[in-house]
Undergrad: 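Can you keep this structure in mind? I'll have questions shortly.
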Amino acid sequence: MTLATRQPAAKAADLLSWYDRHRRALPWRALPGESPDPYRVWASEIMLQQTTITAVKPYFERFMARFPTVGALAAAPSEEVMQAWAGLGYYSRARNLHACAKAVVEQHGGRFPDTEEGLRTLPGIGAYTAGAVAAIAFDRPAAAVDGNVERVMTRLFAIEAVLPGAKPLIREHVLTLLPAARPGDFAQALMDLGATICTPRNPACGICPWRDPCVARLEGTQETYPRKTAKKAGFTRYGAAFVLMREDGAILVRTRPAKGLLGGMAEVPTSDWRPDYELDGAAQDAPVVARWRRLDVPVRHVFTHFPLELTVLVARAGEKAQAPQGMRFTSQGRLREEPFPSLMLKVVEAGLEALRPPPSPP
DNA sequence: CATCCGTGGGG
DNA sequence: TCCCCAAGGAT
């Protein structure tokens, strides 16, 4: 390589001075000079796992108003925690969040461990979150390698290795760049850079603090990083969902098993969801015998690993109708207190719309 | 290491 | 419409 094309080494100082000018103001982020609240930092990191800032913000605000401290969260009933999380997705996060709060209170005197190793032992805290909380909340020299950092590093060093196998290598690069001072700001700066400059498509290389040392930029191959293995799409599954309204307006619901898909969340009764589900026999899967009416427009929903198409069937039940074993009638007034995932909100809305009596002529 | 686990928004 | 993906973790 000639002297003219040799690139300067990337420096943490350049990133930090960029961060001092362009850092994003976020509800869970301490202002310059303020000390961060580990509880808020931790909760935000859990919420932000695989979830956009836009989606998290309103949940975070409500969550902090409802559970202001780890102690408050630990003491809350699990249904209340799941309800506060409903709609955010990846519900095992909420279960682990609650379990983690209890562990912090019962095993750590209500204070979060201030090291990566200590944090790593808690439920829901993996390699990334342990590093992020250690760095951001306690200013420890830890690497927090998330999707943003993977993108920035693979571009900066033109790392050809495929993810997730390249993670250890990426981590080494981060540790090499990690400054002795302000490791917490460095972690946040790296993520801000990935989120606002070094974006997946159309990265703003011209205004990047690391434009000069970036190998991929020199080669013009920024958008080809990071290298990843393609993941295969799942087959569409089909099923029937049953919206049963009692005469007083209450709806029949139940709680899903604690583990697995939508674990611990509320739902209306449904059939199994299968690629080969036969709609003609749907009434056989109904929770009660009734005059089930099938709606023409199915509810479509896309999970991470498969698309789902649920056909909604509606029926009415008498005032004295009893809920089958393991199910309950919830009044319409309290329906919003049920921890319905987004899929079930769609189903219930479709069902209620169909059950609404036609407007009487003037 | 591969798979499972939600959701809503953007190109 | 379709595809990608966004501050990952558990198994």
Side-chain angles (χ1 to χ4, degrees), chain A residues 24 26-29 40-60 82 85-97 99-100 119-137 142-152 162-168 170-171 174 184 187-196 198-203 223 226 228-234 236-237 256-265 267 273 299-308 339-346:
Chain A
R24 291 176 291 175
L26 299 169
W28 45 85
R29 181 175 279 180
R40 293 168 65 89
V41 171
W42 161 73
S44 70
E45 288 299 340
I46 303 299
M47 288 186 178
L48 286 162
Q49 289 168 4
Q50 297 293 287
T51 309
T52 59
I53 286 177
T54 305
V56 165
K57 271 182 179 172
Y59 279 86
F60 180 82
M82 299 312 287
W85 200 275
L88 246 197
Y90 286 136
Y91 299 100
S92 66
R93 291 185 296 171
R95 296 194 297 276
N96 286 330
L97 180 92
C100 182
L119 290 160
R120 188 67 181 75
T121 65
L122 293 166
I125 298 187
Y128 162 74
T129 305
V133 174
I136 299 171
V145 181
D146 71 334
N148 288 308
V149 177
E150 288 171 356
R151 191 167 55 252
V152 171
V162 176
L163 284 168
K167 243 174 185 172
I170 293 171
R171 179 184 173 78
V174 173
Q188 296 177 90
L190 221 35
M191 289 189 272
D192 275 20
L193 186 72
T196 64
C198 197
T199 51
R201 291 170 304 278
N202 302 317
E223 292 201 48
K228 300 186 178 181
T229 56
K231 47 177 175 275
K232 60 170 191 263
T236 300
R237 300 182 198 178
R256 293 178 62 86
K259 293 181 178 180
L261 186 68
L262 306 178
M265 304 301 284
E267 67 175 4
W273 308 344
V299 167
R300 298 174 200 280
H301 193 77
V302 181
F303 292 107
T304 303
H305 50 302
F306 68 92
L308 175 66
F340 285 128
S342 293
L343 161 66
M344 285 300 152
L345 286 180
K346 294 184 199 173

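As the structure is a prediction and not an experimental result, all values here were calculated from the model. Letters A, B, ... mirror the listed sequences (proteins, then strands); counts begin at 1. Worth knowing before you read on, the calculation uses all heavy atoms, side chains too, and leaves out hydrogens, waters and symmetry mates.
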Undergrad: Taking CG from Leu190(A) and P from dA7(C), how many angstroms apart are they, rounded to a whole number?
TA: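 To the nearest whole Å, that distance equals 11 Å.
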
Undergrad: Taking all heavy atoms of Ser342(A) and all of Tyr91(A), pick out the closest pair and write down the distance.
TA: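 Smallest heavy-atom distance, with atoms named: N-OH, 4.3 Å.
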
Undergrad: Assess, by modelled atom type and distance only, whether the side chains of Gln49(A) and Tyr128(A) contain a donor and an acceptor separated by less than 3.5 Å.
TA: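 Result is no, nothing qualifies.
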
Undergrad: Can you give one letter per nucleotide of nucleotides 6-11 of chain B, 5' to 3': B if a protein heavy atom sits under 4.0 Å from the base, S if only from the sugar-phosphate, - if neither?
TA: BBS--S

Undergrad: What's the gap between dC5(B) and dA6(C) when it is taken at their C1' atoms, as a whole Å value?
TA: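 Result for the C1' pair: 15 Å, nearest Å.
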
Undergrad: Closest to the Pro200(A) side chain: dA6(C), dG8(C), dA7(C)?
TA: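 The listed nucleotide nearest to Pro200(A)'s side chain is dA6(C).
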
Undergrad: NA contact type, Ala127(A), heavy-atom cut-off 4.0 Å: base, sugar-phosphate, or nothing?
TA: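 Ala127(A): backbone/sugar contact only, no base atoms under 4.0 Å.
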
Undergrad: To the nearest angstrom, how far is Trp85(A) atom CH2 from dG9(C) atom C1'?
TA: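 For the pair Trp85(A) CH2 and dG9(C) C1', the rounded distance is 12 Å.
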
Undergrad: Could you give the CZ-to-C1' distance, from Phe306(A) to dC4(B), as a whole number of Å?
TA: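 These atoms are roughly 10 Å apart.
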
Undergrad: Rounded off to whole Å, could you give me the NZ-to-P distance for the Lys57(A) and dA6(C) pair?
TA: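 Interatomic distance, NZ of Lys57(A) to P of dA6(C): 17 Å.
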
Undergrad: Using whole Å, what does the distance between atom C1' of nucleotide dG8(C) and atom OH of Tyr128(A) come to?
TA: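 Between C1' of dG8(C) and OH of Tyr128(A): 9 Å.
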
Undergrad: dG9(C) and dG8(B): how far apart are their P atoms, nearest whole angstrom?
TA: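 Between the two P atoms, the distance is 22 Å.
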
Undergrad: Looking at every non-hydrogen atom in both residues, tell me the closest pair between Arg93(A) and Thr51(A) and how far apart they are.
TA: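 Smallest heavy-atom distance, with atoms named: NH1-OG1, 3.1 Å.
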
Undergrad: At less than 4.0 Å, is any side-chain N or O atom of Arg151(A) found next to OP1 or OP2 of dA6(C)? Yes or no.
TA: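 For dA6(C), OP1/OP2 do have a side-chain N/O of Arg151(A) under 4.0 Å.
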
Undergrad: Trp42(A) near the nucleic acid: base, sugar-phosphate alone, or nothing, with a heavy-atom cut-off under 4.0 Å?
TA: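 Nothing, no nucleic acid heavy atom in range.
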
Undergrad: Quick check on DNA chain C: between Thr199(A) and Gly126(A), whose nearest nucleotide comes earlier from the 5' end?
TA: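 Its nucleotide being nearer the 5' end, the pick is Thr199(A).
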
Undergrad: Quick check for you: to the nearest 0.5 Å, what is the distance between Ile170(A) atom CD1 and Arg151(A) atom CZ?
TA: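 One gets 11.0 Å once the value is rounded to the nearest 0.5 Å.
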
Undergrad: Determine the minimum heavy-atom distance between Asn202(A) and Thr199(A), stating which atoms define it.
TA: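 Taking Asn202(A) first and Thr199(A) second, the nearest heavy atoms are O-OG1, 3.5 Å.
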
Undergrad: Return the value, rounded to whole Å, for the distance between atom CZ of Arg120(A) and atom C1' of dG8(C).
TA: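 Nearest whole value for this atom pair: 11 Å.
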
Undergrad: Between dA7(C) and dC4(B), how far apart are the P atoms? Round to whole Å, please.
TA: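 Straight-line distance between the two P atoms is 24 Å.
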
Undergrad: Quick check: any donor-acceptor pair below 3.5 Å linking the side-chain of Arg24(A) to the base of dA7(C)?
TA: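 Side chain to base: pair present.
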
Undergrad: Should the pair Phe303(A) and His301(A) be assigned to parallel (<30°), tilted (30 to 60°) or perpendicular (>60°) ring geometry?
TA: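 Because their plane-to-plane angle is over 60°, the rings of Phe303(A) and His301(A) count as perpendicular.
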
Undergrad: Rounded off to whole Å, could you give me the CG-to-P distance for the Leu26(A) and dA6(C) pair?
TA: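 Nearest whole value for this atom pair: 17 Å.
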
Undergrad: Let me know the distance between CE of Met191(A) and C1' of dG8(C), rounded to the nearest Å.
TA: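 Value for this atom pair: 13 Å.
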
Undergrad: Strictly distance-based, threshold 3.5 Å: is any side-chain N or O of Arg256(A) a donor or acceptor partner for the main-chain N or O of Leu261(A)?
TA: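 Between the backbone of Leu261(A) and the side chain of Arg256(A) there is a qualifying donor-acceptor contact (under 3.5 Å).
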
